[in-house]
Amino acid sequence: MSHFSAQIAQLPQRTRLMMLIMAAEARGDLRHQMRAAERLGVGVADLGEAETARLVQTIDGVLAFRHPLIASASYQNAPLAQRMAVHEALADVAEDPDCRARHLVALMPDPDAGIADELAEAGERARACAAYGAAARLYEHAARVSTAERQRASRLATAATMALTAGRFALADRLAAQAERRPVEPADRAVLARVRAAILVDDNDLRGAARHLLDEAERTTAEAAPALLLAAARHGWLARDASLVRAATARLTALGRAETLAQGLVELCDGDYARALPTLTESLRKHLASLSEAVEDDHLDSVRPLAAITAFATGDDAAALVLASAEVSRCRDAGLIGELPQALESLSRVQAVQGRHREARAAIAECREIAGDTGQLHRLTGLYGVEARLAAVEGDEELCRRLVEEAPRGSLDGIEGALVLLDLGLGRYSSALERVVPPPHGPEQVTWLCTSVAADQVEAAVRLGTPEAVETHMLSLDAWALTAAKPWVRAVAARCRALFSGREEDYTTALRLHAEGDRPFERARTELLYGEWLRRCRRRGEARDPLRSALAAFDRLHADPWAHRARAELELTGETVIAAQATARKPADRLTPQELQVVRLAADGDSSRRIAAQLFLSPRTVEHHLYKAYPKLGVGSRRELAGLDLT
């Protein structure tokens with residue numbers, strides 16, 4: 001750049017000023033540049049010597065610098081007073097209010113209420129366009145030139161929220177700290193509390209986030225406190241700290257804003273399933289109705305994240321999938337890149353237990369990419385349990401154990417359960433049984449039940465010939481199934497009773513209930529156990545149907561250890577299973593997780609630009625993924641995607 005600086009220094013003052021106007025305007029809007037130039041007493045004729053020196057040029061009627069470094073040299077070498085004068089002129093003649101705001105920011109004026117209001121209005125327009133990073137900067141500058149300290153604090157709080165929404169946690173932290181050093185209105189305390197809690201979660205301190213929200217709920221307004229307390233209950237549950245869930249719920253009740261979901265989580269912590277599960281089921285039904293009716297309500301927006309957690313905790317897979325999918329869609333549509341990783345993690349968890357392994361891996365891959373790009377490393381912790389479960393189902397011991405070892409301390413849901421399932425699938429029954437004894441309490445017990453860890457240990461104990469070791473497990477499962485009213489829960493409990501009793505009616509009851517549920521892996525396990533039982537009863541012909549069905553499901557899920565067992569049982573009935581061994585992979589299996597996401601959206605008719613907006617990619621990257629996917633799928637265009645099985 002020094003070479004260009006030396007050239008520019010040799011030019012007449014009027015030429016340098018005209019080049020400064022071009023550099024400061026930065027968008028190549030010749031009309032805007034000329035209006036500012038007229039105000040400053042120069043014009044296009046003054047660029048003659050710059051054109052002769054080949055510093056500026058005209059291309060297709062557009063006046064531009066020959067190289068970007070020339071623009072940088074023109075701007076940086078100009079005196080500060082002259083740069084400010086140019087930005088002032090550009091602001092005065094700007095027709096676009098957001099363009100005017102950009103030049104007002106560059107002026108860095110002394111406190112000025114009028115300019116501060118303009119910048120805040122520009123920030124609000126940026127927020128409305130989902131340009132949250134730009135909105136954060138505009139609100140930050142508005143705060144800087146505001147004349148009232150409380151208004152500065154309020155605008156800094158808004159700026160911190162916008163930075164958080166954009167996934168810029170370090171900036172949000174800095175802006176929140178600046179706001180907290182000023183007198184803050186109670187309503188703004190709630191805004192800052194949510195920012196600070198998110199930053200604590202970013203540090204993997206869920207308990208700290210819940211405690212901070214509980215404390216700040218005492219200092220904010222009665223209208224803002226319930227949202228903070230609902231968030232505190234959610235973080236307390238995810239931290240597996242029942243005391244925090246109870247504290248948040250008690251304060252909601254004291255405010256006269258008792259929330260059924262929060263109270264139900266407390267009852268789950270206490271093991272009072274008979275009270276909790278029916279009430280929570282009805283509450284979730286109402287929340288699902290509010291989604292289908294597109295109800296807009298600030299309270300519902302605060303409750304929905306808690307509803308998604310509750311749906312999974314109660315084993316309501318259908319509700320969990322709808323709520324998690326809706327949250328992902330909301331984040332995509334609104335450009336909420338800071339919130340999207342959490343939504344994707346929740347979606348991947350329910351997809352994994354529903355046997356939607358490819359979809360879960362696609363959600364995990366996107367979550368990892370966005371979290372890595374935005375520095376949200378905490379968003380990766382909960383994924384370890386989901387990925388470990390997938391590896392356990394598929395019998396990938398090396399990957400499963402590596403994930404367990406790499407998982408940060410405090411990772412959520414599924415790590416220990418994944419190891420139990422891995423051991424069970426590989427026939428290591430003693431190891432599977434020893435991992436969670438006695439059964440855990442509070443939120444951990446709910447996870448232990450709804451991810452089928454209890455059922456896994458019941459099977460291990462029965463195979464070891466020590467069913468008495470898991471009688472408490474069976475009691476917990478029966479209590480859960482009696483009140484859960486979820487077909488898959490009742491089916492798993494019936495399967496476990498069949499292992500204890502050896503009665504055929506328990507197996508057939510389990511299979512009938514599985515037909516109403518949506519956990520194919522659990523259904524295939526029941527079919528495998530029933531087929532084994534029938535073969536041992538010398539009913540080899542009857543055993544083949546459930547065993548064939550189990551083998552087909554295990555093959556679809558790539559659950560190799562379980563498929564091996566089903567295949568061996570079929571062979572013992574006298575059936576040849578060569579065809580089953582050669583089960584073909586689906587076309588979608590050939591794609592990477594991100595290729596699969598892109599191809600599915602393209603198959604639905606979305607343009608590359610729209611796909612890029614939804615997945616926070618560039619259109620060029622979308623086209624690249626399609627280019628790589630077509631040969632794998634054996635197609636040559638988008639039109640051919642519609643006829644493929646991409647499940």
Side-chain angles (χ1 to χ4, degrees), residues 160-161 163-177 192-216 228 230-245 247-248 265 305-306 308-309 312-313 324 327 331 336-349 352 363-389 400-419 440 442-444 446-447 451:
T161 300
L164 193 69
T165 305
R168 301 179 63 181
F169 280 69
L171 176 61
D173 192 10
R174 177 173 65 78
L175 293 169
L192 290 169
R194 287 192 290 271
V195 173
R196 185 61 62 202
I199 292 166
L200 286 166
V201 173
D202 190 53
D203 290 332
N204 204 28
D205 185 3
L206 288 160
R207 285 185 175 84
R211 292 188 187 106
H212 182 74
L213 290 165
L214 284 167
D215 291 342
E216 290 301 305
L228 301 188
L230 286 167
R234 175 163 55 97
H235 292 317
W237 178 269
L238 292 174
R240 303 180 180 183
D241 191 327
S243 66
L244 292 172
V245 181
L265 289 179
L306 193 66
I309 288 172
F312 187 79
E327 185 65 7
C331 291
L336 305 179
I337 194 168
E339 298 179 33
L340 182 56
Q342 181 68 67
L344 287 167
E345 181 193 315
S346 297
L347 180 60
S348 71
R349 183 173 289 112
I364 289 167
E366 185 180 2
C367 183
R368 285 193 178 282
E369 184 169 2
I370 293 174
D373 289 345
T374 57
Q376 301 179 66
L377 298 180
H378 70 286
R379 300 301 189 197
L380 305 181
T381 61
L383 297 177
Y384 285 92
V386 182
E387 289 186 283
R389 176 183 173 83
C400 187
R401 293 196 177 281
R402 178 167 60 78
L403 288 164
V404 171
E405 291 170 4
E406 292 177 356
R409 188 175 180 181
S411 295
L412 309 179
D413 295 350
I415 289 292
E416 194 71 18
L419 290 175
E444 289 185 86
V446 175
T447 299
T451 54

Practice problem: Can you measure from CD1 (Ile370) to CG (Leu344) and round to the nearest 0.5 angstrom? | Solution: 6.0 Å
Quiz item: Hey, are the side chains of His235 and Leu244 touching, using non-hydrogen atoms and a 4.5 Å cut-off?
Solution: no
Quiz item: Closest heavy-atom contact between Ala163 and Leu175?
Solution: CB-CD1, 4.3 Å
Quiz item: Heavy atoms, side chains only, cut-off 4.5 Å: are Val446 and Phe312 in contact?
Solution: no
Exercise. Look at Arg401 together with Glu405 and state whether they make a salt bridge at an N to O cut-off of under 4.0 Å.
Key: no
Self-check item: Residue from Thr161, Leu228, Ile199 passing side chain to side chain contact (heavy atoms under 4.5 Å, CB included) with Arg194
Solution: Leu228
Quiz item: Below 4.5 Å, heavy atoms only, C-beta onward: do Leu238 and Val201 meet side chain to side chain?
Solution: no
Quiz item: Going by heavy atoms in the side chains, are Leu171 and Arg174 under 4.5 Å from each other?
Solution: yes
Practice problem: Locate the shortest heavy-atom distance separating Ala172 from Leu164; write the atom from each residue and the value. | Solution: CB-N, 3.8 Å
Exercise. Report the distance from atom OG of Ser348 to atom CZ of Arg368, rounding to the nearest 0.5 Å.
Key: 9.5 Å
Self-check item: Side-chain heavy-atom pair Leu340, Glu327 within 4.5 angstrom cut-off
Solution: no
Quiz item: Between Arg207 and Asp205, is a side chain to side chain contact (heavy atoms under 4.5 Å, CB included) present by the stated rule, with each step listed?
Solution: CA-CA 6 Å; Arg207 285 185 175 84; Asp205 185 3; 4.2 Å; yes
